[in-house]
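Below: the structure, in structure tokens.
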Number of protein chains: 2
Amino acid sequence: MLKKGVERKEVLRALGEVFRAHGYEGASLTLITEATGLGKGSLYHLFPGGKEQMATEVLADIDAWFELNIYAPLRNADDPARAIAAMIAGVDQYFHSGGRVCLVGMVALGAARDTFAASVDDYFARWQVALAQLLRRSGLSRSQAQRRAEDALLTIQGALVLARARSDAGIFRRALSDLTARLLAPPE
Amino acid sequence: MLKKGVERKEVLRALGEVFRAHGYEGASLTLITEATGLGKGSLYHLFPGGKEQMATEVLADIDAWFELNIYAPLRNADDPARAIAAMIAGVDQYFHSGGRVCLVGMVALGAARDTFAASVDDYFARWQVALAQLLRRSGLSRSQAQRRAEDALLTIQGALVLARARSDAGIFRRALSDLTARLLAPPE
DNA sequence: GACTCTCTGTACCGATCGGTACAATGTCTT
DNA sequence: AAGACATTGTACCGATCGGTACAGAGAGTC
């Protein structure tokens with residue numbers, strides 16, 4: 001029998017990778033059973049809501065990871081430079097230096113966007129707010145802090161797209177490095 | 001009968017919008033027949049290679065648009081500031097100020113990437129080279145020009161993702177405006 | 001050992017997928 | 001008018017889609 005909490009997390013992780021690799025509509029039940037090692041019976045027992053519930057929970061799981069490893073440290077930090085460095089390091093780790101795609105960004109671009117619009121918006125909104133508040137504490141005006149936080153999110157997303165499009169992880173690393181400098185620059 | 005050149009372009013434009021709206025794998029033949037007004041008979045007469053050929057030609061069509069409206073002006077320009085402003089204006093127009101998604105970026109993120117890897121890479125590579133050469137003529141070092149061009153492409157892609165994720169076209173416009181300033185900034 | 005209740009493999013469902021076959025229709029040439 | 005050829009609608013193909021039904025296996029309790 002499943003150790004409920006633990007196993008479910010592992011299933012969600014496998015689901016996440018399938019969605020990342022094939023997109024929401026492209027992740028067929030066949031692919032999902034292969035990736036998770038679970039038959040349809042188990043799958044629909046764990047997720048009575050089908051694919052949509054799977055994706056919803058995967059997004060929630062991603063959100064939880066970012067809340068714990070990115071947003072909360074940003075909120076609780078008192079040294080902006082260290083906090084930003086930690087965020088960049090966390091992002092670099094999470095996205096495997098550009099080798100791993102952002103599922104949230106992917107969903108945002110696809111047809112499934114409307115179904116998950118709230119989760120998608122929330123993911124970016126909470127990140128931006130947490131980062132902007134930190135930047136504000138470091139001396140930036142409210143609007144400058146918001147703009148820089150927006151720039152940070154957009155740079156990360158763009159770097160992921162371009163790195164994958166050109167199969168060049170260097171793009172991602174260079175973008176993160178430049179971004180760090182831009183975030184830490186003195187107020188204009 | 002079809003006026004071959006003209007009608008085909010129109011079909012390709014409709015195809016492009018279907019692919020943009022539903023992704024490559026999500027664009028079913030049913031959706032395609034509805035969007036183009038063409039039955040399967042006509043579709044497979046025009047594109048014997050099926051969906052893959054349709055997507056290939058759509059990508060080629062996009063490439064041709066950028067070659068004409070973006071890359072070539074960049075190459076032939078002698079006033080960098082004007083050329084960059086024109087590029088930004090062209091991009092803003094093409095992407096409907098963030099309301100229209102980049103099909104190339106979308107393909108890059110999805111499972112169809114490998115099938116169209118060459119076209120995807122080419123699209124970004126030619127853009128980056130054209131822009132970097134212009135920046136070089138404006139006094140930047142080779143590596144600086146390359147980095148700034150890379151930054152430009154990635155910013156545009158990221159802005160498209162974030163604007164769509166948050167349903168906020170303002171993000172795209174702000175990103176383009178900031179980008180213009182960054183591209184025109186004096187060498188570091 | 002019998003009774004629960006959770007979990008899972010398998011067979012099956014109607015719908016839709018991308019693609020093919022082909023007869024009928026239209027249009028141009030002579 | 002007749003023949004050639006481009007174009008199209010429709011019926012159909014096997015495969016796969018997401019999802020359901022359900023019998024039975026597995027583990028925990030008494």
Side-chain angles (χ1 to χ4, degrees), chain A residues 1-59 103 106-107 110-116 119, chain B residues 1-59 103 106-107 110-116 119:
Chain A
M1 194 187 291
L2 291 180
K3 285 154 272 173
K4 286 208 160 182
V6 183
E7 288 268 13
R8 195 177 185 92
K9 282 276 174 199
E10 284 171 26
V11 172
L12 286 176
R13 209 168 309 151
L15 282 175
E17 296 311 322
V18 185
F19 285 130
R20 258 182 261 271
H22 301 91
Y24 176 68
E25 26 267 319
S28 71
L29 282 243
T30 305
L31 287 169
I32 291 175
T33 57
E34 283 168 6
T36 58
L38 262 36
K40 285 190 179 187
S42 318
L43 238 21
Y44 276 83
H45 179 72
L46 260 66
F47 306 94
K51 255 178 89 170
E52 186 170 331
Q53 185 185 350
M54 296 180 207
T56 302
E57 292 204 22
V58 167
L59 289 175
L103 183 57
M106 206 171 171
V107 169
R113 183 189 74 145
D114 296 349
T115 311
F116 306 104
S119 302
Chain B
M1 194 190 292
L2 291 180
K3 286 152 269 169
K4 286 206 161 184
V6 182
E7 287 269 13
R8 194 176 187 93
K9 281 277 174 198
E10 285 172 25
V11 172
L12 285 177
R13 211 168 308 152
L15 281 175
E17 296 311 322
V18 185
F19 284 130
R20 258 182 263 270
H22 300 92
Y24 176 68
E25 27 267 319
S28 70
L29 281 241
T30 305
L31 287 169
I32 290 174
T33 56
E34 284 167 5
T36 57
L38 262 35
K40 286 190 178 186
S42 317
L43 239 20
Y44 276 83
H45 178 71
L46 259 66
F47 305 95
K51 255 177 89 170
E52 186 170 331
Q53 186 186 350
M54 296 179 207
T56 302
E57 290 203 23
V58 167
L59 289 175
L103 183 57
M106 204 172 173
V107 168
R113 184 189 71 147
D114 295 350
T115 311
F116 306 105
S119 301

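Computed from a predicted model, the values in this text were never measured in an experiment. Reminder, nothing fancy here: chain letters follow the sequence lines and each chain counts from 1.
The distance from atom CD of A:Glu7 to atom C1' of C:dT6 is 14 Å, rounded to the nearest whole Å. For the pair B:Leu38 CG and D:dT10 C1', the computed distance is 15 Å after rounding to whole Å. Atom CD1 of A:Ile32 and atom P of D:dG18 are 7 Å apart (whole Å). In this structure, the CD atom of A:Gln53 is 14 Å from the C1' atom of D:dG18, given to the nearest Å. For B:Leu43 and C:dG19, the CG to P distance is 10 Å, given to the nearest whole Å. In this structure, the CG atom of B:Leu46 is 15 Å from the C1' atom of D:dG9, given to the nearest Å. What separates OH of B:Tyr44 from C1' of C:dG18 is a distance of 5 Å, to the nearest Å. For the pair A:Met54 CE and D:dC17 C1', the computed distance is 13 Å after rounding to whole Å.
Looking at B:Glu10 and B:Arg13, no side-chain N of the basic residue comes within less than 4.0 Å of a carboxylate O on the acidic one, giving no salt bridge. Classification of B:Arg8 and B:Glu57 as a salt-bridged pair holds, one side-chain N sitting under 4.0 Å from a carboxylate O.
Shortest non-hydrogen contact noted between B:Val18 and B:Ala35 is CG2-CB, 3.0 Å.
Here A:Ser28 does not reach the OP1 or OP2 of D:dT16: none of its side-chain N or O atoms lies under 4.0 Å away. OP1 or OP2 of C:dT16 has not a single side-chain nitrogen or oxygen of B:Thr30 nearer than 4.0 Å.
Comparing A:Tyr24 and A:Gly41, the nucleotide of DNA chain D nearest to each residue sits closer to the 5' end for A:Tyr24.
Distance from the side chain of A:His45 is smallest to C:dT8 among C:dT8, D:dG19, D:dA6. For A:Lys40, counting side-chain heavy atoms from C-beta on, the closest listed nucleotide (C:dT20, C:dC12, C:dC17) is C:dC12. In the set D:dT8, C:dG18, D:dC17, C:dG18 carries the atom at the smallest distance from any side-chain atom of B:Leu29. With D:dG18, C:dT8, D:dG9 as the choices, the nucleotide that has an atom nearest any side-chain atom of B:Ser42 turns out to be D:dG9.
When A:Leu12, A:Leu38, A:Ile32 are each tested for a side chain to side chain contact (heavy atoms under 4.5 Å, CB included) with A:Phe47, only one passes: A:Leu12.
Residues A:Val58 and A:Tyr24 have side chains not in contact (no heavy-atom distance under 4.5 Å, counting atoms from C-beta outward).
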